[in-house]
**Q** 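Pasting a structure here, questions to come.
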Amino acid sequence: MHKRALIVAITFTLLMTIYTVRLMLLQLSPTSVRVASYKDYKEVNWRRSAVDQRFKSIIVDDGRGQFLDASGIPITGEVYDTLAVFPMRHITQLPEMTIHRLATILNSSSAEIKELLKQQQAVFLMHNEQPIKLSAQQAQAIKQLKIDGIEVVDYKNRYPSDFDLKHFIGFTSEHPEWAEVAYEKEIKELEGWDQNAQIGAIGLEKSLDRLLHGLGPTRLRYSVDGRSSELNGIGKRLQQPNNPYYPLSVLTTIDLQLQNEIEQYAESIQLKEGAIVVLDASNGDIKAMVSLPKLFPRQLTSDGEQWRNHAITAYAPGSIYKIVTAAAALEHGLISPNETFECNGEYGHYGLSCWKKGGHGLLTMEEAFAQSCNVVFAQLSERLSAEQLFNAAEALGAIHKVGWHNDQISAPFTSPLRLLQEEEMGRIFVDNKTKDGGILAQTSIGQRDVRITPLQAANMVVTLLNYGKQYETRLVQSIQYADGVPLVTFPAHPSHENSYSLHIATAEKILKYMKSVVQIGTGMKAQRGTWSLAGKSGTAQTNTLANHQWFIGYGPVEKPKYAVSVLALHQSPNSSNLATTVFTEVMNIAARMPN
Ligand SMILES: [Zn+2]
């Protein structure tokens with residue numbers, strides 16, 4: 001455990017050092033007036049430090065950039081009324097009646113309130129884990145009490161209490177030892193930076209940390225002398241960064257209502273571990289990305305396993321990988337028109353058997369796909385080379401990371417940018433040149449060494465829907481200044497990782513096969529959807545006690561709007577495919593969305 005933590009710390013330090021050096025270069029050559037204004041800000045602020053000691057303060061807004069969904073609805077940064085108490089001498093000597101009224105408004109007791117007021121030496125926000133959230137009526141009633149030193153103030157809570165935290169956004173935490181190294185220059189030279197600031201730990205909070213930090217917090221300040229009484233003429237005031245362009249906000253591609261409803265649904269059916277990804281069928285934009293179990297930053301385990309975003313972690317795919325095998329065979333003309341195959345339940349050569357006892361009998365390719373017949377796919381694998389299978393997997397985006405990234409350095413970034421830093425690669429073979437028939441047969445049905453992430457799996461469907469054109473899945477559209485003008489945009493673009501694209505005819509055939517899965521095959525449960533749906537099921541046995549269940553597909557069939565992948569981890573081997581049910585309900589939720 002120690003060793004692992006050390007490696008993480010060293011890697012982080014190294015990356016942040018590179019980051020810092022790049023940043024210095026950037027600051028020497030400001031690329032826009034607005035970036036330059038950041039520097040001006042620093043210069044007017046040094047004078048403030050002289051008077052700083054006389055103030056006590058609390059942070060009511062950390063000044064960090066916020067996240068918006070695709071239509072501009074805030075995902076982070078909920079502003080609410082809370083109660084600030086200033087340590088003025090008379091606060092401990094308030095009339096009994098006033099204390100009683102305050103206690104009644106706050107659903108507390110006079111004794112509790114008195115105890116609270118007595119203990120505090122500095123200005124503080126009334127807390128209950130978070131600063132307390134006052135209702136409009138409570139706020140109004142407290143204002144009417146007109147107690148000098150007890151005031152209703154705006155507080156900005158980064159992670160709204162009504163929603164679950166999102167893995168793709170991540171969270172921030174204090175890491176003074178990292179911050180000190182990573183932001184050494186900023187801490188020394190810029191107002192609003194110190195080693196105790198919150199920095200991004202995972203997700204977009206981490207990949208965009210440098211830009212999100214902004215100009216520092218808004219503080220509620222209170223001037224004191226030695227006897228904790230108010231200095232004449234200074235008193236209480238808000239001190240905030242004076243720059244109209246900050247904080248920045250990150251306009252994501254997420255549909256927040258869709259995301260939240262899927263999260264609630266997953267909780268209602270007690271899907272304990274797994275992932276759900278919803279992509280825009282036209283360009284691979286991420287509309288929703290759910291990972292379970294939920295993220296509770298206050299209860300994190302030290303191994304980071306709980307932080308894991310399962311949507312971008314690679315798992316054994318089972319039969320959804322028959323899409324890759326079918327694509328490889330079609331690409332190379334290895335299936336004759338009207339050819340029939342035979343499944344008698346066993347595939348002697350390598351001890352493989354079909355999931356259907358006694359076999360499927362005679363099948364066309366489309367029927368074999370719809371029934372997910374292992375024996376027919378093992379037969380196909382005999383006609384394929386490892387290279388042909390690898391190329392099909394790559395063309396479908398099942399090998400390389402598919403999240404939007406920029407390998408070049410372009411301002412305002414100071415290093416190559418990968419929005420989903422925790423994304424894993426897929427894999428088809430350990431040895432891409434293998435000639436072992438047993439390995440090829442197992443691989444063709446998604447077993448053995450094959451791994452794919454739910455994000456890749458959903459994007460594979462987008463690639464088919466775009467007739468072979470593969471997109472990088474985008475999570476962010478742009479980063480904006482406070483006035484809404486973009487600082488940087490992230491245009492949707494095709495992937496440049498794959499060396500070749502599938503033929504249109506191959507994509508069309510597989511899309512048709514996926515319709516048959518729902519019409520006559522293993523996905524008939526999906527017929528219950530609001531929309532007509534198409535897809536492919538999969539089950540990957542991990543051990544005798546559990547398997548991973550998959551379903552990936554698209555809808556509505558007539559005019560595809562979304563590509564969805566569902567992964568339910570560690571399911572009982574005898575249970576029916578939960579992922580098919582979840583897929584159908586996620587599409588039903590999508591069908592209810594207003595736009
Ligand atoms: Zn079969």
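In listed order, ligands and their atoms are each counted from 1.
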**Q** Do Thr539 and Gln549 have side-chain N/O donor and acceptor atoms under 3.5 Å apart?
**A**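 Short answer, no.
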**Q** Applying side-chain hydrogen bond (donor to acceptor under 3.5 Å, both in side chains), which residue pairs with at least one partner in residues 427-439 are found, sequence neighbours left out?
**A**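 For residues 427-439: none.
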**Q** Using distance only, find each side-chain donor-acceptor pair of residues 334-341 under 3.5 Å and give its atom names and separation, not counting sequence neighbours.
**A**
from	atom 1	to	atom 2	distance (Å)
Glu339	OE1	Ser336	N	3.0
Glu339	OE1	Arg383	NH1	3.3
Glu339	OE2	Arg383	NH1	3.3
Glu339	OE2	Arg383	NH2	2.7

**Q** Taking the six-membered ring for Trp, are Trp307 and Phe171 closer than 6.0 Å centroid to centroid?
**A**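 Yes, they do, as the ring centres are separated by less than 6.0 Å.
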**Q** Lys525 and Thr581: side-chain donor and acceptor closer than 3.5 Å?
**A**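 Side chains of Lys525 and Thr581: pair found under 3.5 Å.
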**Q** Using 2.8 Å as the cut-off, count the protein N, O or S atoms closer than that to the Zn ion (ligand 1).
**A**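 N, O or S atoms of the protein closer than 2.8 Å: 4.
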**Q** Can you pull out every ring-ring contact (aromatic ring centres under 6.0 Å, His included) where at least one residue sits in residues 508-553? Sequence neighbours excluded, please.
**A**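 Those involving residues 508-553 are Tyr315-His548, Phe369-Tyr513, His548-His570, Phe551-Phe583.
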